[in-house]
Engineer: 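Take a look at this one; I'll ask things after.
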Amino acid sequence: MVRPIVFIGDSITEAWGFHRAATFAANDLIPRGGSGQTARWITMRFRRDVEETGAQGVHLLCGVNDIGRNEGFFVPAEEIARTLAGMLDEARAMGVTAWIGSILPAARIPWNAEVPDAPAMIAAVNAWLRDHAHEHGATFIDYHAVLADKSGALRRAYTTDGLHLSPAGYKAIEPLMLAALGRVPAGDAVEASSGAKLLMFGRARLAAFATVAAIVIAGVVLYWASR
């Protein structure tokens, strides 16, 4: 039986549930996003959102609004990490399985030009989550690696404003999300060693066929060369 999972976060989660409503419905995923909310604000509704939805799992994705100083003041990366860890600890205390997504890439905060170091702060929080989420009973999902370009900014094809995702952006990270949540059969997708890319089973089978073909061709070439 598929267990419901609630997606708790800010506007990125809110829009995810809107743009990919069919995926959410098909996989018993419940969006609970709040536009503009910081991680600290989200802590105030975290338990309620889990309990009201009857979810047996929680996917947490937030923190960028703290970096954007939506409450009017600077919040250090360490404090953002502690706030996120607190919600993961609460999920574990409730007996709820938790996943936490990396903060998405952004070269700047579109609504606050006074934040000069957004990429560095995003990297710091994500590094902490990558290294420590498991200590708080959660699985880390690295969306940043899928969405970032070579400069570390959000790929233009995946965004509407340099921070929020377009429908194409959500579609790009959906295979990673579904695999992490166990919503696809184990044989259909495998996670790359970086944790950032998924190779569908069909592609893997095609690659294996290509390898065998290359070996056969090489054998034929060597045979004729030796004659």
Side-chain angles (χ1 to χ4, degrees), residues 5-17 29-53 55-106 109 111-112 115 117-148 152 154 163-165 169-170 173 176-177 180-181 195-196:
I5 298 174
V6 60
F7 274 50
I8 297 178
D10 48 37
S11 59
I12 292 170
T13 295
E14 186 176 43
W16 199 346
L29 309 178
I30 306 164
R32 282 293 180 97
S35 181
Q37 292 184 349
T38 64
R40 191 180 71 87
W41 286 339
I42 290 171
T43 61
M44 300 176 189
R45 63 176 172 89
F46 183 83
R47 174 177 286 271
R48 184 183 72 245
D49 283 351
V50 174
E51 292 178 340
E52 286 183 352
T53 58
Q56 298 175 26
V58 59
H59 175 286
L60 184 62
L61 179 59
C62 58
V64 72
N65 289 328
D66 303 75
I67 293 173
R69 307 179 189 180
N70 279 25
E71 295 190 56
F73 52 82
F74 169 75
V75 183
E78 296 81 4
E79 185 174 336
I80 298 172
R82 283 195 298 269
T83 302
L84 296 174
M87 285 187 277
L88 300 180
D89 289 340
E90 186 166 12
R92 180 162 55 180
M94 297 172 69
V96 173
T97 304
W99 294 264
I100 186 162
S102 62
I103 298 178
L104 307 187
I109 303 298
W111 63 87
N112 193 346
V115 180
D117 53 354
M121 289 196 65
I122 290 171
V125 176
N126 286 345
W128 189 94
L129 291 173
R130 182 180 297 106
D131 294 340
H132 300 287
H134 67 281
E135 298 172 8
H136 298 269
T139 299
F140 174 71
I141 309 177
D142 192 358
Y143 298 127
H144 188 284
V146 176
L147 298 169
L154 186 53
L163 187 146
H164 293 92
L165 294 181
Y170 288 114
I173 61 174
L176 180 59
M177 176 271 285
L181 270 55

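Computed over heavy atoms, backbone and side chain alike; hydrogens, waters and symmetry mates excluded.
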Engineer: Checking Val58 against Asp49 for the side-chain contact (heavy atoms from CB on, under 4.5 Å) test, could you report, in this order, the C-alpha distance in whole Å, the side-chain angles of both residues, the deciding distance, and whether it holds?
Structural biologist: CA-CA 9 Å; Val58 59; Asp49 283 351; over 6 Å; no
Engineer: Are Leu154 and Leu165 packed together at the side-chain level, in the sense that at least one heavy-atom pair is separated by less than 4.5 angstrom?
Structural biologist: yes
Engineer: Could you measure the distance from the CZ atom of Arg45 to the CD atom of Gln37? Nearest 0.5 Å is fine.
Structural biologist: 4.0 Å
Engineer: Using 30° and 60° as the class limits, which term best fits the ring planes of Tyr143 and His59: parallel, tilted or perpendicular?
Structural biologist: tilted
Engineer: How long is the straight-line distance from CG of Asn70 back to CG of Asn112, given to the nearest 0.5 Å?
Structural biologist: 8.0 Å
Engineer: Where is the tightest heavy-atom contact between Ile141 and Ala180, given as atom of each residue plus distance?
Structural biologist: CD1-CB, 3.6 Å
Engineer: For Ala106, which residues count as a side chain to side chain contact (heavy atoms under 4.5 Å, CB included) partner, sequence neighbours excluded?
Structural biologist: Ile122, Leu163
Engineer: Could you give the distance from CD1 (Ile173) to CH2 (Trp16), rounded to the nearest 0.5 Å?
Structural biologist: 3.5 Å
Engineer: Tell me the closest heavy-atom pair linking Trp111 and Gly68, and the distance in Å.
Structural biologist: NE1-O, 3.7 Å
Engineer: Output all residues satisfying side chain to side chain contact (heavy atoms under 4.5 Å, CB included) with Glu71, sequence neighbours left out; order by chain, then residue number.
Structural biologist: Thr38, Arg40, Trp41, Phe73
Engineer: Can you name the residues that form a side-chain hydrogen bond (donor to acceptor under 3.5 Å, both in side chains) with Thr83, not counting sequence neighbours?
Structural biologist: none
Engineer: Can you tell me how far apart CG (Leu104) and CD1 (Ile12) are? Round to the nearest 0.5 Å.
Structural biologist: 4.5 Å
Engineer: Which distance, rounded to the nearest 0.5 Å, do you find between the CE of Met177 and the OH of Tyr170?
Structural biologist: 11.0 Å
Engineer: Taking all atoms of both residues into account, what is the closest heavy-atom pair of Gly36 and Asn65, and its distance?
Structural biologist: C-ND2, 3.2 Å
Engineer: What heavy-atom pair brings Ile67 and Ile80 nearest, and what distance separates the two atoms?
Structural biologist: CG1-CD1, 3.7 Å
Engineer: Going by heavy atoms in the side chains, are Val64 and Ile109 under 4.5 Å from each other?
Structural biologist: yes
Engineer: Do Leu84 and Val125 come within less than 4.5 Å of each other through their side chains, counting heavy atoms only?
Structural biologist: yes
Engineer: Can any side-chain N or O of Asp117 pair as donor or acceptor with the backbone N or O of Ala120 at less than 3.5 Å?
Structural biologist: no
Engineer: What's the shortest heavy-atom distance between Ile100 and Ala138, and which atoms?
Structural biologist: CG2-CB, 4.4 Å
Engineer: Do Val50 and Ile8 come close enough that some side-chain heavy atom pair is under 4.5 Å?
Structural biologist: yes
Engineer: Might you point out which heavy atoms bring Cys62 and Leu60 nearest each other, and give the distance in Å?
Structural biologist: SG-CD1, 3.9 Å
Engineer: How would you list, by chain and number, every residue that makes a side chain to side chain contact (heavy atoms under 4.5 Å, CB included) with Ala85, sequence neighbours excluded?
Structural biologist: Trp128, His136
Engineer: Is there any side-chain hydrogen bond (donor to acceptor under 3.5 Å, both in side chains) pair reaching into residues 6-15, and which pairs are they, with sequence neighbours excluded?
Structural biologist: Ser11-His164
Engineer: Quick one: pull up CG in Leu147 and OG in Ser102 and give me the separation to the nearest 0.5 Å.
Structural biologist: 7.5 Å
Engineer: Excluding sequence neighbours, so at least two apart, what forms side chain to side chain contact (heavy atoms under 4.5 Å, CB included) with Arg82?
Structural biologist: Glu78, Glu79
